Amino acid sequence: MTNPLVGVVMGSSSDWDTLQHAVQILQQFGIAHEARVVSAHRMPDDMFAYAEQTQPRGLRAIIAGAGGAAHLPGMLAAKTVVPVLGVPVASRHLQGVDSLHSIVQMPKGVPVATFAIGAAGAANAALFAVAMLAGTDAALRQRLEAFRADQTAAARAMALPPAATP
C-alpha cells in the first residue's frame, strides 16, 4: 500500500457527508490518502499527535473539515508545517458561517487555506491539494489539465432552455 500524501480529517463522523467529496476527488486523481476522525475537543492529544506525525509520515497536505467552533484546522496548523486546507462544515443553527469565520480568521503566522462551506469547499480543497502535488508530478499535472479541459468543454456544451413565451 502506498503511503498517504493527503490526510482528510474531521472532528466527527457526522462531517463525513461533507468531507467525502474531498475523498472522491482524491480517488478520482489516484492520490494516496487517509480519512479519519480527529476531534480537537474530544481527543486533543490524538489531534496533536496526528499533526506532529504528518511531516515524518510524508503527508504533503491536510484537508481538515470542522463545524461549529471549527478549531480543528487551526490547531492542526499550529502543530505542523504541512499545509492545512480548511473546510467549513455546515452547522445546524448557523449553516456553517460560524465555521467559516472561525477557520478564515487565523492569526498572522499560522495560516490555514480556507474553502467554501460544504461539499463544494471539500471538493475544491481536494482539487487544491491535487494542484499542489501536480507541481512536482508531471503525470498528475496532465490529469489535472485534462480535468480542467473537461470542465471547460462541459460548460461550453451547456444549453439554456427556450425562453417562456408570454
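Hydrogens, waters and symmetry mates play no part in the numbers below; they use all other heavy atoms, side chains included. Since this is a predicted model, take the numbers as computed values, not measurements.
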Open item on the list: Suppose we screen for side chain to side chain contact (heavy atoms under 4.5 Å, CB included). Which residues come up paired with A90, at least two apart in sequence or across chains?
Closed with: I117
Task: same_hphob_cluster(I62, L127) at 4.5 Å side-chain heavy-atom cutoff - done: no
Open item on the list: Working to the nearest 0.5 angstrom, can you tell me the gap between L72 CG and S99 OG?
Closed with: 11.5 Å
TODO: Can you see which heavy atom on P88 is nearest to which on T114, and at what distance?
DONE: CG-CG2, 4.4 Å
TODO: Any chance you could measure L19, atom CG, to S13, atom OG, to the nearest 0.5 Å?
DONE: 11.5 Å
Open item on the list: Is there a path of hydrophobic side-chain contacts, each under 4.5 Å between heavy atoms, that joins V8 and V38?
Closed with: no
Task: H21 versus A122, closest heavy-atom pair with distance - done: CB-CB, 4.1 Å
Task: Test item: V23 and W16 side chains (from C-beta on) under 4.5 Å apart, heavy atoms - done: yes
Sequence neighbours left out, cut at 3.5 Å: what donor-acceptor pairs do the side chains of residues 75-85 make with other protein atoms?
residue	atom	partner	partner atom	Å
K79	NZ	E52	OE2	2.9
T80	OG1	T54	OG1	2.9
T80	OG1	V82	N	3.1

TODO: Supply the atom-to-atom distance E34 CD to L59 CG, rounded to the nearest 0.5 angstrom.
DONE: 5.0 Å
Task: Validation row: S39, H41 side chains within 4.5 angstrom (heavy atoms) - done: yes
Open item on the list: Keeping D137 on the side-chain end and L133 on the backbone end, is there a donor-acceptor pair under 3.5 Å?
Closed with: no
Open item on the list: Side-chain heavy atoms nearer than 4.5 Å, only ILVMFWY residues, links allowed to pass through others: does that put F128 and I31 together?
Closed with: yes
Show which side-chain atoms of residues 141-151 pair as donor or acceptor with protein atoms under 3.5 Å away, not counting sequence neighbours.
residue	atom	partner	partner atom	Å
R141	NH1	A134	O	2.8
R143	NH2	F29	O	2.8

Open item on the list: Can you tell me how far apart CE (M10) and CZ (R36) are? Round to the nearest 0.5 Å.
Closed with: 10.5 Å
Task: Polar side-chain atom of Q105 near backbone of S102 as donor-acceptor pair, under 3.5 Å - done: no
Task: Minimum heavy-atom distance G7-Y50, with the two atoms named - done: CA-OH, 3.4 Å
Open item on the list: Taking the side chain as everything from C-beta on, heavy atoms only, tell me whether V9 gets closer than 4.5 Å to I63.
Closed with: no
Task: R57 and P4, any side-chain heavy atoms less than 4.5 Å apart - done: yes
Open item on the list: When you group the ILVMFWY residues by side-chain heavy-atom contacts below 4.5 Å and let the links chain together, are M43 and M47 in the same group?
Closed with: no
Task: Taking every non-hydrogen atom, the tightest pair across V87 and A125 - done: CG2-CB, 3.7 Å
Task: Rounded distance (nearest 0.5 Å) linking atom CG of L5 with atom CG of L140 - done: 9.5 Å
Open item on the list: Would you say that M132 contacts R60 through its side chain, given a criterion of any heavy-atom pair below 4.5 Å between the two side chains?
Closed with: no
Task: Heavy-atom pair of closest approach, residues A70 and A66 - done: CA-CB, 3.6 Å
- [ ] Any chance you could measure I103, atom CD1, to H71, atom NE2, to the nearest 0.5 Å?
- [x] 10.5 Å
